[in-house]
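Worksheet for the structure shown next.
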Amino acid sequence: MPPSKRRRLSRSGEFDRVYRDGSSHATRYLVLYTFPRRDEEREEVRLGVSVSRKVGGAVDRNKVKRTLREAFWSLSDRLPDKHDFVIVARSDIGGLIEKEGTAGVTKSLEEAMDASFGGGRST
RNA sequence: GAAGCGAGCCGAGCGGACGCGGAGCGGAGAGAAAUCCGCUUCGAGGAAAGUCCGGACACCAAAGGGCAGGGCGGUGGGUAACGCCCACCCGGCGAAAGCCGCGGGAAAGUGCCGCAGAAAAGAUACGGCCGAUGGCGCGGCCACACGUGAGUCGCGUACAGGCAAAGGUGAAAUGGUGCGGUAAGAGCGCACCGGCGUCGUGGUGACACGGCGGCCAGGCAAACCCCGCCCGGUGCAAGGCCAAGCAGGACCGUCGACCCGGCUCGGCGAGGUCCAGGUAGGUCGCAGGUGCGCUUCGGCGCCCCGAAGGGCUUCGGCCCGACGAGAUAGAUGUCCGCUCGCGACAGGAUCCGGCUUACAGGCUCGCUGUCGGA
RNA sequence: CGGGGAGUGGCGCAGUCUGGUAGCGCACUCGGCUGGGGGCCGAGCGGUCGCAGGUUCAAAUCCUGUCUCCCCGA
């Protein structure tokens, strides 16, 4: 299992590349963008999270980000190498976390992943 | 006791596992970089919030004068400063403790006061009231020259004149109520109340109390304005350093451009504007300081007390003590066990002092006496 | 993080500076012209002026607080 530290997107250009050239799949609670990187040596998976002010205040938004990251890296077995991902939270996700916690977010994220690149990890 | 009022404080705790951000140490690798591993340690709030004020700090050459512009507004203190705080005064509310108030000037000027109403700011006209005085008319008495008036009385008229109470409008009508007074009336006179001026006393002062005078003065300044005090602009995306990268051209300018927020005086002194092209990375700023707590000393204020003295609050000084967040797509959770009242509002982004707004529940101290009990 | 702007019928806007009547266009309803539709003409319906306090006799307008939305700045 790869460690989860600091595998983050941090530049505006990196986000723009994923939005523009990647593919997207949405559920009621989130949108998952997927972008396969080419021509780079690094094989790691990276994640960016976007939570707008519609979701809530600073406390709520930090909590959504934490929960999304935790759910994402708990599914790291399924992730293909050399890909960048961006998860955009939709405004209903606050209620989901309050009712079902991390498990509900993980389920919603799995739905999006199924639609994006199918079942289990491809060798 | 219930209710109410004021001030201050807390705002989940403990243990375990897995994680997150910073710093330090050790290790892997080759030696200091990058990366990875292990250990230690630190890691959000009373409002961190809204960004409404005030400062620190930084740059604009220095941060200069005048005008314009903006802010504040009872008095006296406090403060680095404030639009903040404290005490007091005045006005309003409450039975009280207390609470609330952008609370200077309307006899410097300008402006506004819709509808209604006679009238909305010099009050005057309008509609009215009066019949004391004069005039006119009629009648009685009186006089005589017998149809006149120069006298007198009564009635009428409203011509001269007197009056400003009543005018059921309005948010507001040149003071209110009562008595006297008069032809009718009127602060015309008197009593009480309200307002103004002046003098005296008390107070640092805002003001308060008392005496006297006289009835002259509508409201709005969160309308312009006047008076007093204060204010240069921009904001850490300020700004300094380093690295990477590109391509130049046109015009203006030391005969003084650009700039100093606007105008002007004055000043600075070499670059500026536009088009095209390139890059939007790192690091410093970035945290121990006008801040907090305790004791003591001193000062302002308020309260208790016969006095000596004491209590509260606030500011300043000395000593002592505590306090290690500094991120940069941006760190505090998840799961399990236990306790209780089952946990609200909500998280740094340069820092500090205030204000305002949001908030489950709880604690401490002081006060009031509409209600109940003894 | 800092700086600015806007909330008025269903929609887009005036009115706010200078306080007393909330107005315009489109849309909607009814009637007329037409064989019918469109179009034109006439009449009508519809607004807590984002919210809460304050000043004033009187507030969409002036003042304070608060909520929402939008724009700009390395």
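Residue numbering restarts at 1 for every chain, and letters A, B, ... go by the order of the sequence lines.
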**Study point:** Short side-chain N/O contact to B/A329 OP1/OP2 from A/R11, under 4.0 Å
**Key:** yes
Practice item. Establish, with yes or no, whether the OP1 or OP2 oxygen of B/U334 is under 4.0 angstrom from a side-chain nitrogen or oxygen of A/K63. Key: yes
Point to revise | Rounded P spacing from B/U356 to B/C100 in Å | key: 10 Å
Revision key, fill the gap. With both pairing distances under 3.5 angstrom for Watson-Crick or G-U wobble, and | for a partner in another strand, the correct string for RNA chain C is ((((((((.[[[[.)....(..]]]].((((((.....)))))).....[[[[[..)....]]]]]))))))).
Point to revise | Stepwise side chain to side chain contact (heavy atoms under 4.5 Å, CB included) check, A/F72 with A/M113 | key: CA-CA 10 Å; A/F72 181 84; A/M113 284 185 179; 4.1 Å; yes
Check your understanding: Is the base of B/G187 syn or anti, if syn means a glycosidic angle within 90° of 0?
Key -> syn
Point to revise | Pairing nucleotide - B/U174, Watson-Crick or G-U, each distance under 3.5 Å | key: none
Exercise for review: Grab the CZ-P distance between A/R53 and C/C70 for me, whole Å please.
Suggested key: 8 Å
Practice item. Would you classify B/G288 as syn or anti? Syn applies when the glycosidic angle is within 90° of 0. Key: syn
**Study point:** Where the chi angle of B/U182 falls, syn if within 90° of 0 and anti if not
**Key:** anti
**Study point:** Span that lies between the C1' atom of B/G213 and that of B/C305, in whole angstrom
**Key:** 46 Å
Check your understanding: Would you call A/R78 and A/D114 a salt bridge, taking side-chain N to carboxylate O under 4.0 Å as the test?
Key -> yes
Review point. Hey, quick one: are A/L109 and A/L68 part of the same hydrophobic cluster, counting side-chain heavy atoms closer than 4.5 Å, chains of contacts allowed?
Key: yes
Review point. So, is A/N62 near the phosphate of B/U332, with a side-chain N or O under 4.0 Å from OP1 or OP2?
Key: no
Check your understanding: So what's B/A132 paired with, Watson-Crick or G-U wobble, going by both distances under 3.5 Å?
Key -> none
Review point. On a whole-Å scale, what distance lies between the C1' atoms belonging to B/G176 and B/C224?
Key: 36 Å
Check your understanding: For the pair made of CD in A/E98 and C1' in B/A344, what is the distance, rounded to whole Å?
Key -> 13 Å
Practice item. Would you mind calling B/G46 syn or anti? Take O4'-C1'-N9-C4 for purines or O4'-C1'-N1-C2 for pyrimidines, and syn is within 90° of 0. Key: syn
Revision key, fill the gap. Mate of B/A206 across any strand shown (Watson-Crick or G-U wobble, both atom pairs under 3.5 Å) is none
Review point. Taking the same atom, P, in B/G348 and in B/G333, what whole-Å distance lies between them?
Key: 14 Å
Point to revise | Shared hydrophobic cluster for A/L47 and A/L79 (ILVMFWY, side-chain gaps under 4.5 Å) | key: yes
Review point. Just to confirm, is there a sub-4.0 Å distance from OP1 or OP2 of B/U328 to any side-chain nitrogen or oxygen of A/R8?
Key: no
Review point. Can you name the side chain to side chain contact (heavy atoms under 4.5 Å, CB included) partners of A/F15, sequence neighbours left out?
Key: A/L9, A/Y19, A/V86
Revision key, fill the gap. Mate of B/A358 across any strand shown (Watson-Crick or G-U wobble, both atom pairs under 3.5 Å) is none
Check your understanding: Taking O4'-C1'-N9-C4 for purines and O4'-C1'-N1-C2 for pyrimidines, is B/A186 syn (within 90° of 0) or anti?
Key -> anti
**Study point:** Side-chain heavy-atom pair A/T106, A/S74 within 4.5 angstrom cut-off
**Key:** yes
Review point. Quick one: do A/V64 and A/F85 end up in the same hydrophobic cluster if we chain Ile, Leu, Val, Met, Phe, Trp and Tyr together by side-chain heavy atoms under 4.5 Å apart?
Key: yes
**Study point:** Rounded distance in Å - CZ (A/R61) to P (B/A331)
**Key:** 10 Å
Check your understanding: Taking the C1' atom of each, how far is C/C11 from C/C30, in whole Å?
Key -> 23 Å
Check your understanding: Which comes earlier along RNA chain B counting from the 5' end, the contact point of A/D60 or that of A/G101, where each point is its nearest nucleotide?
Key -> A/G101
Practice item. Using both distances under 3.5 Å as the test, list the Watson-Crick or G-U wobble partner of B/G181, or none. Key: none
Review point. Has the side chain of A/S108 got a donor or acceptor atom that lies under 3.5 Å from a matching backbone atom of A/V105?
Key: no
Review point. Considering every strand shown, what is the Watson-Crick or G-U wobble mate of B/G8 when both distances are under 3.5 Å?
Key: B/C363
Practice item. Output the distance between atom NE2 (A/H25) and atom CG (A/L32), rounded to the nearest 0.5 Å. Key: 8.5 Å
Check your understanding: A/V59 side chain: which of B/A329, B/G347, B/A331 is closest?
Key -> B/G347
Study note, to complete from the structure: Per atom distances to the A/E70 side chain, the nearest of B/G330, B/U334, B/A329 is B/U334
Check your understanding: Counting side-chain heavy atoms from CB outward, which of B/U334, B/A331, B/A329 is closest to A/K65?
Key -> B/A331
Review point. Think A/R66 has a side-chain N or O under 4.0 angstrom from the OP1 or OP2 of B/G19?
Key: no
Point to revise | Distance, C1' atom - from B/A173 to B/G168, rounded to whole angstrom | key: 14 Å
Practice item. Provide the Watson-Crick or G-U wobble partner of B/C18, both distances under 3.5 Å; none if there is no partner. Key: B/G333
Point to revise | Residue matched to B/C82 through Watson-Crick or wobble contacts both under 3.5 angstrom | key: none
Point to revise | Rounded distance in Å between the P positions of B/G6 and B/G101 | key: 13 Å
Exercise for review: Give the rounded distance in Å between these two atoms: CD1 of A/I87 and C1' of B/A329.
Suggested key: 14 Å
Exercise for review: State whether the side chain of A/R90 and the backbone N or O of A/T27 hold a donor-acceptor pair below 3.5 Å, judged by distance alone.
Suggested key: yes
**Study point:** Distance, C1' atom - from B/U328 to B/G31, rounded to whole angstrom
**Key:** 32 Å
